[in-house]
Structures are given as structure tokens and as C-alpha cells.
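Accompanying notes for the structure given below.
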Protein chains: 2
Amino acid sequence: MLRAAVSLADEGGLKSLTMRRLAESLDAEAMSLYYHVANKEELLDGVAEFVVQEINDVVDRIDLPSAGADWKKAARQRILAAREVLLRHPWAPELLQTRTTAPVAVAKYFDGLLRLMRDGGFSYDLAHHGLHALGSRALGFSQELFNPGDDANSDDSAAMMENMAGQFPYLAGMLMEIVHDDPDSTLGWCDDQTEFEFGLDIVLDGLDRLRSER
Amino acid sequence: MLRAAVSLADEGGLKSLTMRRLAESLDAEAMSLYYHVANKEELLDGVAEFVVQEINDVVDRIDLPSAGADWKKAARQRILAAREVLLRHPWAPELLQTRTTAPVAVAKYFDGLLRLMRDGGFSYDLAHHGLHALGSRALGFSQELFNPGDDANSDDSAAMMENMAGQFPYLAGMLMEIVHDDPDSTLGWCDDQTEFEFGLDIVLDGLDRLRSER
DNA sequence: ACCTGAACACCGTTCAAGT
DNA sequence: ACCTGAACACCGTTCAAGT
């Protein structure tokens with residue numbers, strides 16, 4: 001079903017992915033889709049998950065750098081591989097931008113990037129800013145991303161933390177450090193303005209450096 | 001009419017901006033809109049133009065730096081001002097992302113940035129890469145942007161060039177140099193892969209520098 | 001447990017018709 | 001020159017009903 005939805009979008013863009021057409025393309029005709037999915041938003045969430053998982057499959061096939069080796073080269077490889085997948089699904093960035101809740105596969109993807117950066121000698125703090133700075137380049141979409149802490153509204157945040165540590169150890173480590181440094185910060189909440197300026201300054205400084213090198 | 005459309009989107013997001021609702025909100029009721037606009041796409045193009053023009057109005061009120069002064073500070077100011085406007089219209093990035101043809105106001109905005117960079121000592125070539133590198137941060141949306149050379153399909157490209165030089169002198173200068181360096185390049189066409197990697201490397205290098213400074 | 005059909009409210013758009 | 005009304009094709013979604 002998700003595979004069929006992706007095919008439809010590949011052929012005619014996001015707006016040709018319609019419940020009726022999807023049902024038709026599955027020979028099963030009509031609105032039986034609503035048995036498997038609550039509504040179209042849930043369908044779109046599934047498609048988003050599916051396409052980011054396709055990225056993860058490609059990225060996971062890339063070897064990790066040996067121990068403390070060149071993190072930059074490894075990150076570059078992964079990001080360019082992600083871009084390649086996205087170029088085959090040009091509708092995906094627009095879809096991801098409209099999701100209100102982050103696909104789990106996105107957490108997995110960033111957890112992998114975070115691992116590279118940690119192994120490369122980054123503090124969690126700098127790595128955190130770094131993920132924001134990469135922003136749109138990391139996954140083909142921009143914007144202030146998502147509100148994390150979404151896939152579990154459990155008030156038992158300790159249990160949530162443990163569950164998360166299992167799936168996404170580096171993301172969990174990062175969050176724990178943020179909470180440790182600033183106990184008042186809402187779990188996973190980021191100061192968008194600060195992060196925007198951090199990323200902006202990296203680009204501006206980099207350009208200025210190139211300019212004065214001439 | 002455009003103002004009313006912006007209000008509708010501000011209140012209920014892009015999907016609540018509907019031809020029927022817009023007509024209603026204009027007391028003029030019904031589909032008389034189609035006298036003023038060919039279809040909804042044209043309406044959306046108009047809204048995009050309108051909102052970027054709002055950015056330009058704000059940005060133009062910022063003083064230019066004196067002569068060859070700090071381009072970086074000036075660019076930073078403008079970009080943060082643009083972001084402020086965009087935060088008031090959270091639907092705008094999504095809208096801009098779905099435009100197939102660049103609003104004229106976008107050309108105007110980038111022409112202004114280009115002027116700052118040229119005055120700051122940038123070559124057209126480096127400034128060109130720089131605009132790509134800023135990407136989503138410059139106007140709140142990402143992606144490989146638009147196909148320029150759109151608002152005039154005239155085969156008389158000399159006349160087009162002249163017209164453009166009047167409105168956007170720096171953009172025109174940049175294009176002229178690109179054509180001069182590589183006469184085969186289609187007017188305004190960019191190698192997206194190259195530009196993506198350029199911007200990516202700036203961020204990666206910047207992060208690596210911050211890492212090794214610790 | 002899984003699918004279907006008819007129905008509803010809401011789209012964008014056309015077109016012949018009004019002033 | 002500008003607006004309107006009825007109509008059409010197409011949405012997402014509900015719900016009672018089938019197997």
C-alpha cells in the first residue's frame with residue numbers, strides 16, 4: 001500500500017496521490033483503505049516514514065569510518081547518498097515539510113549522523129548545533145523541523161528515555177546532556193532563533209573566509 | 001484580493017485558502033474571482049509575490065553599509081529581518097516551494113544580497129555560489145529553487161538582458177559573467193549537484209573548525 | 001476481520017447568462 | 001467591463017451494510 005502510494009507520487013506528484021486513485025491502483029477498488037488507515041494524514045505519515053526508511057537503507061550500507069577517522073568524509077558520503085534518494089522522489093521534501101510529527105526514520109537518520117560526529121570528537125552540544133546547521137542539506141527539507149517528544153506522550157519520561165536510548169542511543173545521549181545542562185529546558189525543545197543564527201553564521205563566516213583567500 | 005488571501009492563510013494555513021472562501025471573505029460572493037485570475041495557481045503566484053514583496057519592503061528600510069564596510073553584518077541583518085516576516089506567515093515557505101516559476105520579488109531580494117556581496121569584495125562567481133549556499137536560510141525555503149529566465153520567454157535574449165539589467169543590475173552582471181566564462185551554459189542554469197556540495201562543504205568545514213578549536 | 005456502495009460536504013473550474 | 005448561478009468532475013470522509 002505504501003509502495004503503491006510512493007509510485008503514484010513518483011509519477012504524478014503529491015497532488016495525484018489521492019485516496020480514490022490509490023485504491024484503484026491497488027485493484028482493490030474503493031474506500032477500503034479506511035480500514036487500514038484512519039485518514040489521509042495517517043497515510044501521508046506512512047509514506048513519509050517509508051521514504052526516509054529508503055534513505056536509511058541506502059545510508060546503512062555505507063561503511064562506518066574506522067574508529068576516530070575522518071568524520072567529515074563519512075558524513076558527506078551519507079548526506080550525498082540521502083540526496084540521491086530524494087532526487088528520485090522530488091515530492092518528498094514537500095511531504096516532509098507538511099508533517100507535524102517527525103517520522104521515526106528521521107530520528108534514526110539523525111542518530112546515525114550524531115554517531116559519526118561523536119566518534120569524530122564532537123561534544124553533544126556542538127553536534128546538536130551542527131545538526132541544526134546542516135538543516136535542509138541533511139534531508140532535503142528545511143524549516144524548523146519538528147517538535148520531538150512526539151512519538152510518546154507518556155508522562156513517564158524516564159521509561160520513554162530508556163526506550164529511546166535503546167533505539168537511538170546518540171539522540172538519547174544528546175538529550176540527556178541538554179537536560180543536564182539546563183534542567184528547565186523542555187525535553188527536546190530547541191531555541192530556533194539561536195539555531196538559525198548559528199547555522200547562518202557558519203555559512204556567512206565560511207563565505208567570508210573564501211572571499212578573503214582570493 | 002491578495003491581502004485577503006494572505007489573511008486567510010495566516011488564520012487557517014494554506015489549505016484553508018480556497019477560492020470559495022476567498023470570494024466570501026471579499027463580500028463579493030462566488031466565483032467572480034475568475035475574472036481577475038485565470039486559475040488558482042495564478043492566485044498562489046500572486047500571493048507568493050505579495051509576501052516576498054513584504055519582505056523586500058522591510059529589508060529595503062535597512063540602511064546600506066557605508067561603502068566597502070562590513071558586508072557580513074549587513075547580510076545578516078537583512079536575512080534575520082526576512083526571517084521575521086516569514087515567521088508571521090508560516091505557510092509561506094511551503095507556498096514558495098510549490099511555485100514552479102520564481103516570483104519577481106525573489107529576484108529583487110537576491111539582487112539586493114548580491115549587491116552587498118559585490119560591495120564587500122566578492123567576485124560574481126563566489127557570490128553566486130554563496131547565494132546557493134545560503135539557500136533556505138536566505139528566504140526560509142530550501143530546494144534547488146527555480147528555473148530562472150522564466151518571466152520572459154522572448155527569443156531576443158539581448159532585450160531580455162537589458163530589461164533585467166535595469167531591474168536587477170547585480171543579477172544581470174552575475175549572469176553576464178557566467179555566460180562569458182562558459183558560453184555553452186544555458187542562461188541562468190546552475191549545476192545543482194555542484195552547488196549542493198559547495199554549500200554542504202561550507203557547513204561541514206565550519207563545524208570541523210569549531211570542533212578542533214575546543 | 002475485511003471490504004463495499006451510497007451519500008455528504010467541499011473542492012476547482014466551465015460556461016452561458018446577466019448587468 | 002464586471003459579476004452571477006447552475007452544473008460538472010473530483011476530493012476526503014462517514015456509515016450502514018455486506019461477506
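Predicted model, so just to flag it, every value in this text is computed and none were measured. Protein chains get the first letters and strands the later ones, always in sequence-line order, with residue 1 at the start of each.
Projected onto DNA chain C by closest heavy-atom contact, A:Y35 and A:A28 fall at different nucleotides, the more 5' of which corresponds to A:Y35. When each of A:L33 and B:R21 is assigned the nucleotide of DNA chain C bearing its nearest heavy atom, the one mapping closer to the 5' terminus is A:L33.
Taking only side-chain atoms of B:S32, from C-beta outward, the nucleotide of C:dT4, C:dT14, D:dT4 with the closest atom is D:dT4. Distances from the side chain of B:M31 to the nucleotides D:dT13, D:dA6, D:dC2 place D:dA6 closest. Which of D:dG12, C:dT13, C:dC11 sits closest to the side chain of B:T18 comes down to C:dC11.
The distance between atom CG of B:L22 and atom P of C:dG12, rounded to the nearest whole Å, is 10 Å. Between A:E24 atom CD and C:dG5 atom C1' there is a gap of 16 Å when expressed in whole angstrom units. In this structure, A:M19 atom CE and C:dC11 atom C1' are separated by 17 Å, rounded to whole Å. A:K40 has its NZ atom 12 Å from the C1' atom of C:dC11, to the nearest Å. Nucleotide C:dA16 holds its P atom 17 Å from the OH atom of B:Y34, rounded to whole Å. Rounded to an integer number of Å, the gap from A:N39 CG to D:dC11 C1' is 14 Å. If you measure from atom NZ of A:K15 to atom P of C:dG12, you get 13 Å, rounded to the nearest angstrom. The distance between atom CZ of A:R20 and atom P of C:dC11, rounded to the nearest whole Å, is 15 Å.
Side chain of B:R21 to backbone of B:S16: a donor-acceptor contact under 3.5 angstrom is found. B:N56 places no side-chain N or O within 3.5 Å of a backbone atom of B:V59 that could act as its donor or acceptor partner. Remark: the backbone N or O of A:A74 is not paired with any side-chain donor or acceptor of A:R78 at under 3.5 angstrom.
Taking only side-chain nitrogens and oxygens, B:H36 comes nearer than 4.0 Å to OP1 or OP2 of D:dC3.
Residue-environment remark: CD (A:E42) exceeds the threshold of 12 foreign heavy atoms within 6.0 Å.
A salt bridge links B:R76 to A:D201: at least one charged side-chain nitrogen sits closer than 4.0 Å to a carboxylate oxygen.
Counting heavy atoms from C-beta on, the side chains of A:L33 and A:M1 come closer than 4.5 Å. Side-chain contact between A:L204 and B:L134: present, with at least one pair of heavy atoms (C-beta onward) separated by less than 4.5 Å.
In secondary-structure terms, DNA chain C builds stems of at least 3 consecutive Watson-Crick or G-U pairs, each pair having both distances under 3.5 Å, at C:4-8 with D:12-16, C:12-16 with D:4-8.
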